[in-house]
Every structure is written in C-alpha cells, then in structure tokens.
Amino acid sequence: MNSILKRALICTTILSGVYLMPVSAQASESQNYKSLKVEVQTLRAEMAEMRSLLKQQGVMLSKKIAPQITQAEIYALKTEVKKIAKVAKKAEEWRHTNANFLLTGSADVAYSNNRGDNGALDGLGFDPVFRYQYKDILYLESEVEFEVDSTGAAATNIEYMNLDLFLNDYAVFVAGKFTSPIGQFRQNLHSAWINKLPSKPAGFINKQAAPVADIGIGFRGGLPIANTGMEMNYSVYLANGPEITQTGGVLDGVDSDAPTPRDVDGNKIFGGRLAFRPLPRLEIGFSGATGKVAVVAAGARVTGEKDRDYKILGGDFSYQFKNLNLRGEYVTQKIDSLSTSAAANAAAWSTYYIQSSYKLPHNLEGVIRYGNYAANKAINDKRQLALGMNYLFAPQLIAKFDYEFNQGNSGSTNNNDSFIAQLAYGF
Amino acid sequence: MKNIKTIMILFLLSMSFVIVTGFSDNAFAASKKESAVKKYNTQKPNFAKGAKLWVSRCSSCHNIRDPKDLTDKDWKIVVNNMRIRAGLSGQDARDVLEFLQRSN
C-alpha cells in the first residue's frame, strides 16, 4: 500500500508539474509581456517628450535668425552681388572685344668710362613699343627710339613700324619698316633688357657691317619639317635697300637705318633668313640679300652714278644647355666695283662675334663676348673682348657691368678700353 | 631691268611657297569636311607642350619672365608678337599662350 501510495504521489507530482509547467511558462510569458508593455509605454512617453522638445527648439531657432535679417539688408546684399557681377564681366570683357592694346618696351641708363676720358652717365635710352591687335587677323607694332647724346641733343627715330597680317599658321605678311631679318642680333637681341652686355657687338652699329632696318614687304613664319621633329623658320622680304655715300673716292658705310621712307636710287633688294632647329635648343640660320645700289648725295642719286651689285651674306647659331647660353653671328656686306663711279673700288664690311653666358647662383650671370669688325676703311677696324657680370633683380630688370678690351687703329676711339655699367628694364 | 625681273621672280616664288605651305592641307584633304577642319586649325592648345616651348624657344633669346607678370589679355598680344619675331608656327604660339594664361 505504501509503495502504491508513494507511486501515486510521485505520478501526481509529475503530472502536476507537467500540467503546471505551461501555466508557469504562461505566467512568465505574461510577466515578460507586462514588462515589455511597460517598457514600450515608457519609450513612447519619452519619444513624445523629445518631439515636443525638438519642436520647441525649432521655434526658438527661427525666432533667433529671423529678427537679424531685414529687408533693407537683403536689398543691400543683392546690390552688392550685382556690382561684383559687373566687375567680373568687365574683367572678362577683353575676350569679347575686337581690338586690344599693350605698351611695352625698354629703358636703360648707363655709365661709361673710356680710357683717356672722364667717366660719365652718358647712356640714356627709352624705347616704348606700341602694340595693337585686331581680332586674330592684324598685328601692329611700332618702336619709337628716344636718345639723348652727350651734347644734350635729343634724337627721335621710328626704329620700326609694321602691319602684320596672319595669313595662316605658317605665314605672316609683313609691311612697313622692320628690323633687318639678317642674323639674330638686330631682330631679336638688341633691346637693352635682352642684350647681355651694355654695348652692341663690334660692327653692329649703323653704317658698319650688319644692316639695321629697311622699309618693304615680306613674309615670316615657322613650320615643322614633316615628321622629323625638327622645325624651321623663315623670313623673306623685298625692300627699298640701303643708301651709300662716298667721301674722297671711297665708299662710306652702308646707311641701312632707313630713317626716311624713300628709295633714292630706285633699286630694290630681295633677301631673307632661313633657320633650322635640329634640336629643341639649337638654331642655325643662314641669311642673305641681293640687289642694286647707287651712290647718293643730299637725297638724290649722284649724277652719272650707275647701279652696282650689292650683297649681304650671314650665318648665325644659338644653343642653350642648362645654364649655358652660346651664340654667334657672321655678316658681311659687299658692293662691287664700278669703273665709272666716283668711288670705283669695290667695298666690303664684315663682322663676327661669339658670345657665351652662364647663369650663376644668387641671380648672377657671367658673360664673355669676342668680336672682330673689318671695315671698308681699315682705320675703322675694331676687335673687342668684353667680360661682363650681370645681376638679375628680375628676368627683365638687369644691372650689367662689363669691361671691354678694344683694339683698333692707334689713336682712334676704337682702341680705347672701356668700363660700362648699365641698368636696363624691359616693361 | 634684268636684275629687277630676277628679283621679282624670286619674290613670287617665295610667295608661292608661303601660299602652298599654308594651304597644302586643304589641297590634299580627302573631303570638304576634313578640309574645313584643317583650315580652321582645331587642334586644342596643349599646356604641356606650351611649357616645354616656353623653356626651349623663349629662353633662346631672353630671360623667361614669370607668367604672373602679365594678364591673359597682355600675354595674347605678346605671344603674337613673339610668333612673328621668333618664327613660331600658329600651333606653337597657341600652346605657349595656353601655358601662360593658365599659369598666371
């Protein structure tokens, strides 16, 4: 009995447990549900509170900003923006105009001390260049030269004035007075801020070996040479030509500055320069011109004087390698003999120079130039070795100091050594 | 008289060379459209090439100036002058100008 009772008790207990387990599970689920419900209700309340807070802050923000921007301030701001837009439009206006203008040029002041003379600030040059451009068709440039000599006399000259028409990518038509395309110095290097020494090379002054300028027409341009990677540039011209005079039966220098637009002897000359660039920094040029000239005096052909053959031949090169700049030129002018002329003999003027410059640290630049000019009259011959040191305040603002060892005819100024200091500015 | 004729012949030959050089692209263009494209030089200016030319061509004559020295308008006028003096092609001039105007 007891064992039966025990077994019944155990079973009842087990069954009760089994029966009661879902109930307790239910009870715990109910507990969880209640706690979750409470939690959700709490969260809802908190969210509602947060929404209310955010709403209040939004109102506060808008109340903070709005009072500080008035209608007057908005109007002032709009006016300012319009002004700025106008200024910006004006700054870009040049892109939409047909004609534009620029004034450039160079200026220099020089002190020179020739052996046997007193030193003096005797170099004063101001060369403004006027540049106009009309669309992409026409370019007008003109350089006016103002000089004051040692007597205080002022001289004015139009160094060049030409109208240039851009025909295509490879050709520009040039008409007017232009610097001589023979060689490189006269055309590209003579400006005070570009010339690395204060003086011109021997033989490069008017009435010496190298022609200065002429009045005529011509074509210039540059073009690549097929697919070689090399380039060439050219200049051809037809011009009035120089004037020649004679003194004591000997031809004087060839006056090639073309100070007045005239062709006294009625002859034209044809010439040009052809240059090649086999490497990006090496240029080799060949120049020449040919024509007829006649002896003139007082603006007219001398009676009885006939035409004589006139030739120019020249060669030049320039090369850059890192800080080294090397260049040289040779040019000669020749006039044939004419037995019937008052100055019957042939005449020739020739010159060459070679120049090396090297950029040093601290904006310094050392320059060496050797030149040899052989004139038609030997008394005017000159050989020169120039040693220079330049200080570059800026690429276009240079102080030059050079000493020139000159060798000429004994007793002539060409035989005097000289020291020159120059300040040159390109604007 | 004979000399004047020789000179005129030489000059006319030079002009012919110039004209043929300039318009040869048109003469041998495959089609009218290609001819028009070549005539108006639609090659885009090249900044990198312009920078190289700035160093190699410009420095052959003078110290090279800071691009910031001049405005875009001024550089256009200056570069056109340099094109004439230095014998640059039109494309070379446009490349150099692109470099200068973007660098100032």
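Note on naming: letters A, B, ... go to the chains in the order of the sequence lines (proteins, then strands), and numbering restarts at 1 for each one. All of these numbers come straight from a predicted model, not from anything done at the bench.
- For Gln187(A), the parts lying under 4.5 angstrom from a heavy atom of chain B are both the backbone and the side chain.
- Both the backbone and the side chain of Ile84(B) come within less than 4.5 Å of a heavy atom in chain A.
- In terms of heavy-atom pairs under 4.5 Å with chain B, the best-connected choice from Arg131(A), Glu283(A), Lys196(A), Glu365(A) is Arg131(A).
- Residue contact with chain B, scored on non-hydrogen atoms closer than 4.5 Å, involves the side chain of Thr179(A) exclusively.
- For the residue pair Asp69(B) / Gln396(A), a side-chain donor-acceptor distance below 3.5 Å is found, with atom types taken as modelled.
- For the atom pair Thr71(B) OG1 and Asn100(A) CG, the distance stands at 9.0 Å (nearest 0.5 Å).
- When all heavy atoms of Ser56(B) and Pro280(A) are compared, the pair lying nearest together is CB-O, 3.9 Å.
- Using a 4.5 Å heavy-atom threshold, the side chains of Asn63(B) and Ile398(A) count as touching.
- In this structure, Arg85(B) is positioned above the aromatic face of Tyr160(A), its NZ or CZ under 6.0 Å from the six-membered ring centre and within 45° of the axis.
- For Ala86(B), the part lying near chain A is the backbone, with the side chain staying farther off; criterion is any non-hydrogen pair under 4.5 Å.
- A distance of 4.5 Å separates SG in Cys61(B) from CG in Asn188(A), rounded to the nearest 0.5 Å.
- You'll find the side chain of Tyr132(A) stays beyond 4.5 Å of the side chain of Ile77(B), heavy atoms only.
- Per-residue heavy-atom pair counts under 4.5 Å with chain B were compared for Gln320(A), Glu231(A), Arg220(A), and the maximum is reached by Gln320(A).
- Residue Leu282(A): no heavy atom, backbone or side chain, is found under 4.5 Å from chain B.
- Cation-pi geometry between Arg65(B) and Trp193(A) is satisfied (NZ or CZ under 6.0 Å from the ring centre, within 45° of the ring normal).
- Within the 4.5 angstrom heavy-atom criterion, only backbone atoms of Ile64(B) (N, CA, C, O) approach chain A.
- Contact count versus chain A (heavy atoms, under 4.5 Å) is highest, among Arg83(B), Lys52(B), His62(B), for Arg83(B).
- Heavy atoms of other residues, nucleotides or ligands lying less than 6.0 angstrom from NZ of Lys49(B) number more than 12.
- A salt bridge links Asp136(A) to Lys76(B): at least one charged side-chain nitrogen sits closer than 4.0 Å to a carboxylate oxygen.
- The most heavy-atom pairs under 4.5 Å with chain B, out of Leu102(A), Asp164(A), Ile194(A), come from Leu102(A).
- Between chain B and the options Gly272(A), Ser235(A), Gly221(A), Ser318(A), heavy-atom pairs under 4.5 Å are most frequent for Gly221(A).
- The neighbour count for Lys334(A) NZ, taken as heavy atoms of other residues, nucleotides or ligands under 6.0 Å away, does not exceed 12.
- Atoms CG and OG, on Asn233(A) and Ser89(B) in that order, are 10.5 Å from each other to the nearest 0.5 Å.
- Atoms CG and OG1, from Asn81(B) and Thr104(A) in turn, are 7.0 Å apart once rounded to the nearest 0.5 Å.
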